[in-house]
Amino acid sequence: MKPALTLNHADILPGIIQPLLTWYKGQASDRQLPWRLSPTPYHTWLSEIMLQQTRAAAVIPYYERFLAALPDIAALAAADDEMLMKLWQGLGYYSRARNLKKAAQVIVAEHGGRLPQEHKALLALPGIGRYTASAIGSIAWGKPWPAVDGNVLRVIMRVLACSEDIMAARTRTAVEKALAPHYPTGSDASALNQAFMDLGATVCLPHGTPHCPACPLQQLCLAHDNGQEQKYPVKAAAKPRRQEDRTILLLHQGSAYALHQRPAKGLLAGLWEFPNLPGRLSQQDIEAWLQCHGYRASQIKPLPAARHIFSHVEWHLSGWDIQLQADCLQTAECPASLRWASAAEISNTYSIPSAFTYYLPYIK
DNA sequence: TATGCGTGGCC
DNA sequence: TGGCCAAGCAT
């Protein structure tokens, strides 16, 4: 195990606090974000969970719709699972939604229905890690806790011209430790954490050229001194994605289409999908599969290929539209896990992940 | 510590 | 087009 990391030039950090706060309180807080309108603990919590690895622009409509359906923690704790996943459909990282409900139940059962204000108690809730606990604490109650996310790491690594790998846990720990002694309390704690976010999102950009002339830290940024903003942050290369072929089946009798619920654990856990098989199946393969399951098709048509990229897997999709003969379902050995749904039910009730939406236009 | 876990935007 | 990236967490 490597020893704890000490950041070089950390003496620069106390000097970045005031410029950031001044910048945030000025024109910087122009960003109209709905969770900033009424930053109750619940609103802050929900927004921070949705914002994990997700851009603010993508979150906004989900946030509005979620709060309209589940306006408080009690409602969330009692939410119907199917509705919960439907509210999250398309946002990704679906365990966030499940953990949100689990945490709400703990909050109701053990904390009197209110989010706990201690860092440790927040951390104990499912889905809340160090970043999120600190973000909630600072924004909701003015706790002096640095919320170190990708934005903060990028800004700090550039200001310090530091080449440590930001994917390494000890780098984040070192940044937290270096910032914590200088953190203000009250509304400035909230403002400072959000200032880092805004600076990272609008000025100290991760790709392309950062907008250094607009940066309140330009004068004291060591990377900028050397014209080397692009060199930072240093980040370990990601592992190449696993490549998989899958064949999607639009299996239907008239307008009733087969849906299958994915396993409770793993990729897209518990969400609904069109039946699909590993590999790139030919029409002969499809016919054999149908016969094996007792289905009789009246028509089999190929559908266009598609590709879907997850963070760690890449699916190369092919598809078939399979019209079953009338009364076929009475005699077929339908897998018990299949549901038969109309286009309206598919769009209104079932949570279908984006990986399958390429084939939705072929549903009639 | 390394890996699994989504999606869409940007260059 | 392909690769990188975003307000991370759980195990």
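We name chains A, B, ... by the order of the sequence lines, and we start the count at 1 in each one.
Of the side-chain N and O atoms in A:S354, one or more sit less than 4.0 angstrom from OP1 or OP2 of B:dT7. The side chain of A:T132 places an N or O atom within less than 4.0 Å of a non-bridging phosphate oxygen (OP1 or OP2) of C:dC9.
Distance CG/A:L115 to OG1/A:T40: 9.0 Å, rounded to 0.5 Å.
At a threshold of 4.0 angstrom between heavy atoms, the contacts of A:I128 are confined to the sugar-phosphate backbone, with no base atom among them. In this structure, A:A57 reaches neither bases nor backbone, as no heavy-atom distance under 4.0 Å exists between it and the strands shown. Using a 4.0 Å heavy-atom criterion, one finds that A:W35 contacts the bases of the nucleic acid, with or without backbone contacts as well. Residue A:S47 is out of contact with every strand shown, counting any heavy-atom pair closer than 4.0 Å. A:F196 comes within 4.0 angstrom of nothing in the nucleic acid, heavy atoms only. Base contact: A:L91 has a heavy atom under 4.0 Å from a base atom.
Atom CZ of A:R262 is separated from atom P of B:dG4 by 15 Å (rounded to the nearest Å). Rounded to an integer number of Å, the gap from A:Y62 OH to C:dA6 P is 20 Å. Distance, A:M157 CE to C:dC5 P: 15 Å, rounded to whole Å. Atom-to-atom, NE2 of A:H316 to P of C:dT1 comes out at 14 Å; the value is rounded to the nearest Å. Nucleotide B:dG6 holds its P atom 14 Å from the CD atom of A:Q89, rounded to whole Å. Rounded to an integer number of Å, the gap from A:R170 CZ to B:dA2 P is 12 Å. Between A:R242 atom CZ and B:dC5 atom P the separation is 7 Å, expressed in whole Å. A:Q53 places its CD atom 16 Å from the P atom of B:dG4, with the value rounded to the nearest Å.
In this structure, the nucleotide among B:dT7, C:dG8, B:dC5 sitting nearest to the side chain of A:D149 is C:dG8. Of the candidate nucleotides C:dC9, C:dC5, B:dC5, B:dC5 has the atom lying nearest to any side-chain atom of A:L267. Considering only the side chain of A:R154, C:dA6 comes nearest among B:dC10, C:dA6, B:dG6. Closest contact between the side chain of A:H207 and the listed nucleotides B:dC11, C:dA6, B:dT3 involves B:dC11. You'll find that the side chain of A:K239 is closest to B:dT3, out of B:dG9, B:dT3, C:dG8. Nearest to the side chain of A:K235, among C:dC9, B:dT7, C:dA6, sits C:dA6. Between B:dG8, C:dG8, B:dT7, one nucleotide has an atom nearer to the side chain of A:Y131 than all others, and that is C:dG8. Across C:dG2, B:dT3, B:dG6, the shortest atom-to-atom separation from the side chain of A:R307 is found for C:dG2. Closest approach to the A:R172 side chain among C:dC9, B:dT7, B:dC5 is made by C:dC9 (side chain taken as heavy atoms from C-beta onward).
Contact of A:T54 with B:dG6 (side chain to base): a donor-acceptor pair of N or O atoms is detected under 3.5 Å.
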Quick one, A:R172 with A:I166, criterion side chain to side chain contact (heavy atoms under 4.5 Å, CB included). Give me CA distance, side-chain angles, the key distance, then yes/no.
CA-CA 7 Å; A:R172 192 194 54 176; A:I166 60 166; over 6 Å; no
I'd like to know whether A:L46 forms a side chain to side chain contact (heavy atoms under 4.5 Å, CB included) with A:Y63, so could you lay out the CA-CA distance, the side-chain angles of the two residues, the decisive distance to 0.1 Å, and finally the verdict.
CA-CA 8 Å; A:L46 176 63; A:Y63 175 83; 3.9 Å; yes
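Between A:R55 and A:H312, the residue anchored nearer the 5' end of DNA chain B, judged by the nucleotide with its closest heavy atom, is A:H312.
Aromatic ring pairs are classed by plane angle as parallel below 30°, tilted from 30° to 60° and perpendicular above 60°; the pair A:H293 and A:W289 is tilted. Using bins of under 30°, 30° to 60° and over 60° for the plane-to-plane angle, the ring pair A:Y257/A:H252 lands in the parallel bin.
Cation-pi geometry between A:R65 and A:Y62 is met: the NZ or CZ atom falls under 6.0 Å from the ring centre, inside 45° of the normal.
A gap of 22 Å separates the P atoms of B:dG8 and C:dC9, to the nearest Å.
Partner A:D81 forms a salt bridge (charged side-chain N to carboxylate O under 4.0 Å, His left out) with one of A:R98, A:K102, A:K101, A:K86 and no other, that one being A:K101.
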